Protein chains: 2
Amino acid sequence: MNQSKRYLDIVRDLRDMIRQDNIRPGDRIPSERELAETLQVGRSTIREALRSLELLGLIETRRGEGTFLADHRNNMLVEVLSTFILQDNQSQKDVRETRQMHELAAIQAICADRTISQMGIWDGFRMRLSEEENGFQREDFVRELMVLSGNRLSLKIWVLLHKYSGNPYNGTVSKAEKERLLNILAAIEQQETDKAAQEFKTWSDGLLKERLRNDS
Amino acid sequence: MNQSKRYLDIVRDLRDMIRQDNIRPGDRIPSERELAETLQVGRSTIREALRSLELLGLIETRRGEGTFLADHRNNMLVEVLSTFILQDNQSQKDVRETRQMHELAAIQAICADRTISQMGIWDGFRMRLSEEENGFQREDFVRELMVLSGNRLSLKIWVLLHKYSGNPYNGTVSKAEKERLLNILAAIEQQETDKAAQEFKTWSDGLLKERLRNDS
DNA sequence: GGTTATTTGTTCGTATGTATC
DNA sequence: CGATACATACGAACAAATAAC
């Protein structure tokens, strides 16, 4: 009958209470002891619910003062969670664009940093491009760019978006692509940011069009 | 330094423990009593941290069995969230940089689209900037730019990052800022992409420095 | 400025439901 | 079945921060 997690019931009760009493952001919520009394649960249980909501950023507690509804103009966490999973056509387009946004930003970050843009690793790329046997994986190339940008959060977001954007980098580079990639590498080494980004974008867009043509 | 909110320290400790011991999704986490023993805190504090992570979907607890790292195969948001809910210094820097990355991309997208960049809405901005009574909210300005970019996914990510990046846009625009914002608007209307992006970046970086100075 | 009441922060002991062996 | 390990839950107690007087 009863769910085996009372603190989740408290979370629900708190939401209902906030709606029913029309508690606005910044307003104070009844104290922990008061809530324990009215909801007929222990104070520890109340605290588990409050701490959870606090980590989510929904409430704010100040020692000696009380608990307050967070000043969140846009609290879309739950909505974001649901809409992330529902993928319509517009969402897929957004995913592709956002993924490429992160890629271009990574290239710009690399070009801006002399110690990275002129490191010896690019020779390693060229070596691997030359080995025709294995076939150089497009995906590895882009991922290493993301890693080199140094922004781990951006890398993480990119990995997620890449999974959901139809994997345009699947496969190995052709001879024509090889030339283009070498151009991109040269531009990066010369710190020609705009040129590097533009060349990359052209390459990426071309792969995407090819991918969409094959799917239809 | 971190005297208050010990459960947040526990959240951090748990992340480190999971990384160090290489705990994979589905694996079991040490029991509450065991954690309380090793981390030298009360069991209630451990529970507050665990309940918070559970509500986020990062862990899963089963009565009589134990606590397990959540198996989040189909939930990409959870991974994004976990990256910056469990924050270290590098993560905070990444969050700020990634947020600005989305903002600059939004401006570039707006400039690239003639129908948007030359719409009448910019006059609305100027009107609201002129009304000195209310005080124009910086946050609203940036958010509307994100909305106008037309990428809903980028907007959602921005909303999330904005919450966790120290809210640099808190407050209203000063007279000096007003001039700068008008310059940005003019550059957008003229489709001067680079200038608009550069002006915006200068403005944003300035706010961030001010924010960091006040915090210390 | 000092005192007191209120509130959150934290710990501990105890009891109970549940799964595993 | 019993024994054990674990999560769930309660409530008392004290510490620390804050507000009101």
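Quantities reported herein were computed from a predicted structural model and do not represent experimental measurements.
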Quick one: A:E48 CD to C:dG9 P, roughly how many Å, whole number? 14 Å
For A:Y7 and D:dA7, what is the distance between atoms OH and C1' respectively, to the nearest whole Å? 12 Å
Show the numbers, then the answer: is there a ring pair (Phe, Tyr, Trp, His ring centres under 6.0 Å) between A:H102 and A:H162? CA-CA 11 Å; A:H102 281 260; A:H162 181 248; over 10 Å; no
Has the side chain of A:R33 got a donor or acceptor atom sitting under 3.5 Å from an opposite partner on the base of D:dG11? no
Cut-off 3.5 Å, side chains only: do A:Q137 and A:N170 have a donor facing an acceptor? no
Measure from CD on B:E65 to P on D:dT4 and round the result to the nearest Å. 20 Å
Determine whether any donor atom in the side chain of A:S44 lies under 3.5 Å from an acceptor atom in the base of D:dG11, or the reverse, and answer yes or no. yes
For a quick check of understanding: with a heavy-atom distance under 4.0 Å over all strands, which category does B:E32 fall into, base, sugar-phosphate or nothing? base
Hey, does A:R62 reach any base, or is it just sugar-phosphate, or nothing, if we go heavy atoms under 4.0 Å? sugar-phosphate
For A:R28 and C:dT7, is the shortest distance between a side-chain N/O and OP1 or OP2 below 4.0 Å? yes
Can you measure B:R63 atom CZ to C:dA15 atom C1' for me and round it to whole angstrom units? 11 Å
In whole angstrom, give the distance that lies between atom CG of B:L50 and atom C1' of D:dA9. 15 Å
Separation of C:dT6 atom P from A:E37 atom CD, nearest Å, is 15 Å
May I ask you to evaluate whether B:T45 reaches the phosphate of C:dT11, defined as a side-chain N or O under 4.0 Å from OP1 or OP2? yes
Can you name the closest pair of heavy atoms from B:P168 and B:L208 and give their distance? CB-CD1, 4.0 Å
Can you find an N or O donor on one side and an acceptor on the other, under 3.5 Å apart, linking the side chain of B:T67 with the base of D:dC6? no
Lys/Arg N to Asp/Glu carboxylate O, A:R51 vs A:E32, below 4.0 Å: yes
Give a yes or no on whether a donor-acceptor pair under 3.5 Å exists between the nucleobase atoms of D:dT8, that is its base, and the side chain of B:R43. yes
Quick one: B:R47 CZ to D:dA9 C1', roughly how many Å, whole number? 7 Å
Base, sugar-phosphate or nothing for B:G64? Non-hydrogen atoms, less than 4.0 Å. base
Can any side-chain N or O of B:S204 pair as donor or acceptor with the backbone N or O of B:F200 at less than 3.5 Å? no
B:T61 side chain near D:dT8 phosphate (N/O to OP1/OP2, under 4.0 Å): yes
d(CG, B:L53; P, D:dA7) in whole Å: 14 Å
Determine whether any donor atom in the side chain of A:R51 lies under 3.5 Å from an acceptor atom in the base of C:dT8, or the reverse, and answer yes or no. no
